[in-house]
J.: 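Here you go, one structure.
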Amino acid sequence: ATEENLKNLELEKKRKIQLQEKEKQKAKEIAKKLEGLSINVAVQVHDEDELYGSVGPLEISKALQEEGFAIDKKSIILEEPIKKLGIFDCIVRLHPEVEVKIKVWVVRK
């Protein structure tokens, strides 16, 4: 551990902290745009309004992409898959410290 190596290590730590702060700020900006957003997910249903399958993070991610937001399906948190028509709350985690709640309207196709 020479003095030069210690300086390089400190510089690298500062760069990582700055990069993390930039990512957090970007996530906050996206969260402001997503806040209060409602999206529609159209699905096929049985005669008694039961879904064929369920609505999960993938379908919500696709609906967000149609609205102009590139959100990975891994960032979408559901307590359980949606298996009926209605309005549901969903959490989008954009950064470990930044989350936003959106409304998902599951409607008949």
J.: Please tell me if the side chains of E59 and K62 come closer than 4.5 Å, counting only heavy atoms from C-beta onward.
T.: no
J.: Quick one: closest heavy-atom pair of P57 and K73, and the distance?
T.: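 Between these two residues, the closest heavy atoms are CB-O, 3.4 Å.
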J.: Identify the residue among I82, I87, I39 that makes a side-chain contact (heavy atoms from CB on, under 4.5 Å) with V106.
T.: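 Between V106 and the candidates, side-chain contact (heavy atoms from CB on, under 4.5 Å) is satisfied uniquely by I82.
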J.: Any chance you could measure E66, atom CD, to S61, atom OG, to the nearest 0.5 Å?
T.: 10.0 Å
J.: E4: what forms a side-chain hydrogen bond (donor to acceptor under 3.5 Å, both in side chains) with it, not counting sequence neighbours?
T.: none
J.: Among pairs that include at least one residue of residues 37-85, which meet ring-ring contact (aromatic ring centres under 6.0 Å, His included), considering only residues two or more places apart or in two chains?
T.: H46-Y52
J.: Could you tell me the separation between the CG atom of D72 and the CD atom of Q65, rounded to the nearest 0.5 Å?
T.: 9.0 Å
J.: So does E35 pair up with K32, basic N to acidic O under 4.0 Å?
T.: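 So E35 does not pair with K32 through a salt bridge.
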J.: Considering only heavy atoms from C-beta outward, does the side chain of I102 approach that of I76 to under 4.5 Å?
T.: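 No, their side chains stay 4.5 Å or more apart.
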J.: Rounded to the nearest 0.5 Å, how far does NZ of K26 lie from NZ of K22?
T.: 8.5 Å
J.: What do the steps show when you test V104 against L78 for side-chain contact (heavy atoms from CB on, under 4.5 Å), and what is the final call?
T.: CA-CA 11 Å; V104 178; L78 291 171; 5.8 Å; no
J.: Just verifying a value: how many Å separate I77 CD1 and K101 NZ, rounded to the nearest 0.5 Å?
T.: 12.0 Å
J.: Set out, in order, the CA-CA distance, both residues' side-chain angles and the distance that settles side-chain contact (heavy atoms from CB on, under 4.5 Å) for K103 and D89, then state yes or no.
T.: CA-CA 5 Å; K103 292 225 181 271; D89 287 328; 2.9 Å; yes
J.: Rounded to the nearest 0.5 Å, how far does CD of E80 lie from CZ of F88?
T.: 9.0 Å
J.: Is a donor on one side and an acceptor on the other found under 3.5 Å between the side chain of Q20 and the backbone of I17?
T.: no
J.: Side-chain contact test, heavy atoms from C-beta onward, threshold under 4.5 Å: evaluate it for N8 versus E12 and give yes or no.
T.: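 Answer no - side chains too far apart.
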J.: Let me have the donor-acceptor pairs involving side chains of residues 90-100, under 3.5 Å, with sequence neighbours excluded, atom names and distances please.
T.:
{"residue": "R93", "atom": "NE", "partner": "E99", "partner atom": "OE2", "Å": "2.7"}
{"residue": "R93", "atom": "NH2", "partner": "E99", "partner atom": "OE2", "Å": "2.5"}
{"residue": "H95", "atom": "ND1", "partner": "E97", "partner atom": "N", "Å": "3.1"}
{"residue": "E97", "atom": "OE1", "partner": "K24", "partner atom": "NZ", "Å": "2.6"}

J.: Apply side-chain contact (heavy atoms from CB on, under 4.5 Å) to residues E10 and L6 and explain how you reach the verdict.
T.: CA-CA 6 Å; E10 283 299 315; L6 292 174; 5.8 Å; no
